[in-house]
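Notes for the one structure printed next.
Computed from a prediction, not measured in an experiment: that's the story for all the values here. Computed over heavy atoms, backbone and side chain alike; hydrogens, waters and symmetry mates excluded. The chain is numbered in sequence order, starting from 1.
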Amino acid sequence: MEITRFQIILIMGFMALALRALPQLFFAGQQFPEAWDRWLRYVSYGLISSIISVTLFVSGSLVEISAAPRRGLALLMAVIIARATGSAVTGMLAGALLTLVVGWFSL
């Protein structure tokens with residue numbers, strides 16, 4: 001049985017929820033160490049990046065090599081925009097728009 005892209009994204013979403021929620025449930029009312037606090041803060045950004053990379057570079061079960069440089073450039077620009085604005089949502093929206101624009105010019 002082959003796993004679809006939607007199922008991969010759903011599994012990653014549940015993993016993100018588990019990674020963020022379980023430590024907070026088990027250690028409710030306690031102060032997290034600084035390293036754990038940083039990890040909990042940034043693990044969602046890492047998981048969002050993994051979802052984006054699956055969406056950008058994988059089609060079915062194959063990596064789209066021909067589109068990878070253009071899509072990689074769109075991803076890099078989205079990361080730069082997110083860092084410059086300090087907003088992950090702005091970076092994700094910019095990345096989605098850049099990927100659409102890159103897709104139009106590659107036709």
Side-chain angles (χ1 to χ4, degrees):
M1 182 172 114
E2 187 174 321
I3 297 177
T4 64
R5 185 183 304 187
F6 179 73
Q7 290 171 329
I8 291 171
I9 291 172
L10 223 80
I11 291 167
M12 287 181 183
F14 285 130
M15 287 175 54
L17 178 65
L19 287 172
R20 297 272 322 237
L22 289 179
Q24 293 179 6
L25 290 174
F26 287 123
F27 300 107
Q30 296 179 8
Q31 185 72 21
F32 286 113
E34 180 61 30
W36 278 44
D37 188 44
R38 260 194 330 266
W39 184 79
L40 287 171
R41 209 172 329 139
Y42 293 118
V43 72
S44 59
Y45 293 122
L47 291 169
I48 288 170
S49 297
S50 68
I51 291 170
I52 291 170
S53 66
V54 167
T55 303
L56 283 178
F57 300 115
V58 176
S59 177
S61 62
L62 301 173
V63 176
E64 293 182 7
I65 299 296
S66 62
R70 294 186 307 272
R71 292 177 180 177
L73 180 63
L75 181 60
L76 177 66
M77 292 304 296
V79 169
I80 291 171
I81 290 170
R83 177 73 177 153
T85 60
S87 171
V89 173
T90 304
M92 286 189 298
L93 291 174
L97 290 174
L98 287 169
T99 303
L100 287 173
V101 169
V102 166
W104 285 331
F105 286 117
S106 66
L107 294 177

Quiz item: In this structure, are over 12 heavy atoms from other groups packed under 6.0 Å from Q31 atom CD?
Solution: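 Result for CD/Q31: open.
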Practice problem: Sequence neighbours left out, what pairs pass side-chain hydrogen bond (donor to acceptor under 3.5 Å, both in side chains) with at least one residue falling in residues 79-93? | Solution: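 Every pair satisfying side-chain hydrogen bond (donor to acceptor under 3.5 Å, both in side chains) with a residue in residues 79-93: S87-T90.
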Self-check item: Non-hydrogen atoms of A82 and G91 that approach each other most closely
Solution: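 Between these two residues, the closest heavy atoms are CB-CA, 3.6 Å.
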